Protein chains: 2
Amino acid sequence: MQIAPPDYDRIFGALADATRRDIVRRAVDGQEGISELAAHYPMSFAAVQKHVAILTDAGLVTKQRQGRRKVVRTNREGLRVARRLLDRYQEQWTARVDRMSALLAEDPHEEPPT
Amino acid sequence: MQIAPPDYDRIFGALADATRRDIVRRAVDGQEGISELAAHYPMSFAAVQKHVAILTDAGLVTKQRQGRRKVVRTNREGLRVARRLLDRYQEQWTARVDRMSALLAEDPHEEPPT
DNA sequence: CCCCCCTACAACCATATGGTTGTAGATATG
DNA sequence: CATATCTACAACCATATGGTTGTAGGGGGG
């Protein structure tokens with residue numbers, strides 16, 4: 001069995017909302033339940049609950065039972081997956097610049113091979 | 001005058017679509033115009049044009065006139081902005097783990113301050 | 001046991017999103 | 001100039017998204 005490939009649509013989609021990014025930030029400390037989180041935002045408990053569900057689906061946070069609450073914690077691996085994709089794009093960008101530099105450094109009298 | 005703060009909604013929203021991520025990847029090489037890009041995807045030219053517009057608004061690519069084409073290039077700074085936010089979350093996560101380690105390392109006979 | 005608090009989930013609504021087609025403006029080329 | 005190609009943009013449609021309210025389940029505390 002293969003490990004599932006990261007679902008970048010879900011990951012970046014989850015991060016594309018200010019409320020959800022703020023939940024990720026707060027959940028780094030891993031102390032608050034959903035209703036405690038909800039108190040920070042001008043929206044209903046159910047709305048925050050949905051945001052947490054979206055973050056959970058994306059693998060960016062986890063919920064853990066604690067008494068009658070469910071404590072929300074950010075998932076370090078989820079963040080890392082997103083970061084690595086951006087890293088790869090930047091690496092390709094750098095490689096491209098290096099190729100261009102190499103081209104510019106070539107003897108200008110030489111013709112590039114077809 | 002202040003420089004505009006990054007619009008993370010737009011940036012992550014732009015990255016939350018597989019076609020747009022693929023455009024970012026291809027545009028790293030900065031060679032193709034919109035119609036050339038469009039040939040890679042099973043959708044209309046206009047649809048690809050919209051995707052490019054979304055990426056441009058997000059600051060992830062730039063369009064540059066070249067003859068009658070407009071060459072699409074990825075914008076390195078846009079990628080960097082997204083990455084840095086994820087970096088900060090991870091830093092906070094690490095700081096939290098350090099704090100927890102510090103707590104666990106305390107003399108277990110001492111009571112934490114209320 | 002009863003009650004309260006936290007969570008889960010369904011139904012609904014308005015607006016955003018991702019696609020389409022069609023029309024019009026620029027720019028090379030015959 | 002005439003024409004073909006690339007780009008821009010508007011109008012439209014189906015579905016996804018972000019919010020609401022209402023109802024029901026599950027665990028502590030009196």
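No experiment lies behind these values; they were computed from the predicted model shown. Convention: sequence-line order gives letters A, B, ...; per-chain numbering from 1.
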(request) Could you go through the salt bridge (charged side-chain N to carboxylate O under 4.0 Å, His left out) check for R69(A) and E32(A) one step at a time? (result) CA-CA 9 Å; R69(A) 297 185 311 151; E32(A) 298 184 298; over 6 Å; no
(message) Under 3.5 Å, is there a donor on one side chain and an acceptor on the other for Q64(B) and R73(B)?
(response) yes
(request) Tell me what A53(B) touches on the nucleic acid: a base, only sugar-phosphate, or nothing, going by heavy atoms under 4.0 Å. (result) nothing
(message) Any carboxylate oxygen within less than 4.0 angstrom of a Lys/Arg side-chain nitrogen, looking at D87(B) and R84(B)?
(response) no
(request) Determine: side-chain N/O of K63(B) to OP1/OP2 of dA8(D), distance under 4.0 Å, yes or no. (result) yes
(request) Please answer: with hydrophobic residues joined when any side-chain heavy atoms are less than 4.5 Å apart, are V28(B) and I54(B) in the same cluster? (result) no
(request) Name the residue closer to the 5' end of DNA chain C, choosing between R65(B) and S44(B) according to the nucleotide with the nearest heavy atom. (result) S44(B)
(message) Taking the nucleotide of DNA chain C with the nearest heavy atom to each, does Q66(B) or A46(B) sit closer to the 5' end?
(response) A46(B)
Is it true that a side-chain atom of [X] and a backbone atom of [Y] form a donor plus acceptor pair closer than 3.5 Å?
| X | Y | answer |
| --- | --- | --- |
| Q90(B) | R88(B) | no |
| N75(A) | T62(A) | no |
| R20(A) | A14(A) | yes |
| D17(A) | T19(A) | yes |

(message) Contact list please: residues 29-38 of chain B against DNA chain D, heavy atoms, distance less than 4.0 Å, in numerical order.
(response) G33(B), I34(B), S35(B)
(message) Both G67(A) and R20(A) contact DNA chain D. Which one's nearest nucleotide lies toward the 5' end?
(response) R20(A)
(request) Name the residue closer to the 5' end of DNA chain D, choosing between F45(A) and R68(A) according to the nucleotide with the nearest heavy atom. (result) F45(A)
(request) Walking along DNA chain C from 5' to 3', note the first and the last nucleotide with an atom under 4.0 Å from a heavy atom of chain A, and give both. (result) dC4(C) to dA11(C)
